[in-house]
Amino acid sequence: MIPAAFEYLAPATVKEAIGLLQQHGEDAKVLAGGHSLLPIMKFRLAQPKFVIDIGRIPGLDGIKADGDAVTIGALVTHDAVEHSDVLKSKCPLLPETAAVIGDMQVRNRGTIGGALAHADPAADYPGAALALDAQITAAGPKGTRTIKAGDFFVEMLTTALEPSEIITEVRVPVLGKGTGAAYVKHPHPASGYAVVGVAVVLSVSGGKCQRVAIGVNGVAGKAYRASAVEKALAGQSLDEKTVAAAAARAADGVDVQSDLYASSEFRAHLATVYVKRAVLRAAERAK
Ligand SMILES: Cc1cc2nc3c(=O)[nH]c(=O)nc-3n(C[C@H](O)[C@H](O)[C@H](O)COP(=O)(O)OP(=O)(O)OC[C@H]3O[C@@H](n4cnc5c(N)ncnc54)[C@H](O)[C@@H]3O)c2cc1C
């Protein structure tokens, strides 16, 4: 399949890219790894007249430890996240998540900025970004601003980014001692996307759960925090019975999606199973 004709533009700086977005408005689309944009262009679900390739802009592909956080450039590929020693030691949830995205070709080209900006409800990073309280840096005509992951995902394929803004960086916390994290996923057998994906970050002190954050993707129209489960676990010991009772609330207050592969009932059931697994795994790692 061949997409509709478009003009290819390759800015050399973020400022130039923002200028092109301002100039061409709704006729323009940013291109990063192309692994979401090009398929939808081939299906003619998007027909931008201008494709602005940010892939040649220097300085957007680094992973750096920065005090109690790690910053990840928007152009960092899933493969680079998976194999980053900095992330493996300071925020292992992201490498664990990146490792189960699509296949090797997808991981070699797809970028963290593109995955977050695309906001596919079945993508893997959004749940992890929510569980980590990640901060997303967006550069636009008025300068840069930071958007909390909790405010970033607005609805299916829609984020809080303004039309002329570009994600430049994602900031995640260093996960310290006593903190455990886990990402578990039920992949769609054909596409590999998450039917259900659950990211958990929790800390344990004196045998009790202190802080817990659970991000869920695949289940609803956008990734969400399983707040009912978080409330049920706070201050509790993380034994299997307590975790199972809390996990039963994984889809509370959520409009559960349904498709040919998974009915909403089956998906909601999977959510409880995978929330339980992820919490128990994170608790084990927190020891
Ligand atoms: C066969 C296949 C299987 C896949 N399986 C999975 C999977 O299992 N899990 C998963 O999570 N994903 C999966 N993906 C999607 C993949 O992870 C994509 O790489 C990702 O969703 C988009 O990243 P990209 O860099 O390719 O972005 P692009 O396709 O280049 O862009 C995607 C969207 O984001 C915008 N954009 C890109 N970068 C920026 C930026 N820095 N600032 C603002 N806007 C930006 C673009 O304008 C576009 O609207 C799969 C893709 C394919 C083709």
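As the structure lists them, so they are numbered: ligands from 1, and atoms in each ligand from 1.
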Out of [options], who gets a non-hydrogen atom closest to [atom]?
atom	options	result
atom 23 (O) of ligand 1	A194, A115, G33	A115
atom 19 (O) of ligand 1	A119, A138, G110	G110
atom 44 (N) of ligand 1	S191, A117, A32	A117

| said: Less than 4.0 Å is my threshold; does some heavy atom of H78 fall inside it relative to ligand 1? | reply: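 It does, in that a heavy atom of H78 comes within the 4.0 Å cut-off of ligand 1.
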| message | Within the structure, is a non-hydrogen atom of L31 found at a distance of less than 4.0 Å from ligand 1? | response |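 Yes.
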Contact check: [X] vs ligand 1, nitrogen or oxygen atoms, below 3.5 angstrom:
X	result
G34	yes
G102	yes
K185	yes
L161	no
D124	yes
G192	yes
V30	yes
R109	no

| query | Of the backbone atoms (N, CA, C, O) and the side-chain heavy atoms from C-beta on, which set of L60 has a member under 4.0 Å from an atom of ligand 1: side chain, backbone, both, or neither? | reply |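 Within the 4.0 Å criterion, L60 makes no contact with ligand 1.
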Shortest protein contact, [atom] (heavy atom only):
atom	answer
atom 53 (C) of ligand 1	H35 O, 3.3 Å
atom 31 (O) of ligand 1	L37 CB, 3.9 Å
atom 1 (C) of ligand 1	V106 CG2, 4.0 Å
atom 18 (C) of ligand 1	S36 OG, 3.6 Å
atom 37 (C) of ligand 1	G114 CA, 3.4 Å
atom 49 (O) of ligand 1	K29 NZ, 3.4 Å
atom 42 (N) of ligand 1	I167 N, 2.8 Å
atom 4 (C) of ligand 1	Y193 CE1, 3.5 Å

Is it true that [X] and [Y] have a side-chain N and a carboxylate O under 4.0 angstrom from each other?
X	Y	value
E230	R249	no
K88	E82	no
D133	R211	yes
K49	E7	no
D79	R109	no
E240	K276	yes

| field | Atom of V170, atom of A134 and distance for their closest heavy-atom approach | value |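 That closest heavy-atom pairing would be CG1-CB, 4.2 Å.
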| Which atom pair, heavy atoms only, marks the closest approach of P95 to L87? |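 Scanning both residues, the minimum pair turns out to be CG-CB, 3.7 Å.
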Against heavy atoms of [X], which atoms of ligand 1 measure under 4.0 Å?
X	result
T111	23 (O), 24 (P), 25 (O)
I166	41 (N), 42 (N), 43 (C)
A123	10 (C), 11 (O)

| task | Answer yes or no: is there a donor N or O on one side and an acceptor on the other, between the side chain of E16 and the main chain of A12, under 3.5 Å? | result |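 Side chain of E16 to backbone of A12: a pair is present.
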Is it the case that atom [atom1] in [X] sees more than 12 heavy atoms from other parts of the structure closer than 6.0 Å?
X	atom1	value
Y8	OH	yes
D68	CG	no
D103	CG	yes

| query | Y183 pairs by side-chain contact (heavy atoms from CB on, under 4.5 Å) with which of L94, V200, N217? | reply |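 Only match with Y183 under side-chain contact (heavy atoms from CB on, under 4.5 Å): N217.
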| message | Can you confirm whether or not the ring centre of F50 sits under 6.0 Å from the ring centre of H24? | response |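 Judged by ring-centre distance (under 6.0 Å), F50 and H24 do meet the cut-off.
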| query | About how many Å separate OG1 of T168 and CD1 of I136, when rounded to the nearest 0.5 Å? | reply |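 The OG1 atom of T168 is 10.5 Å from CD1 of I136, to the nearest 0.5 Å.
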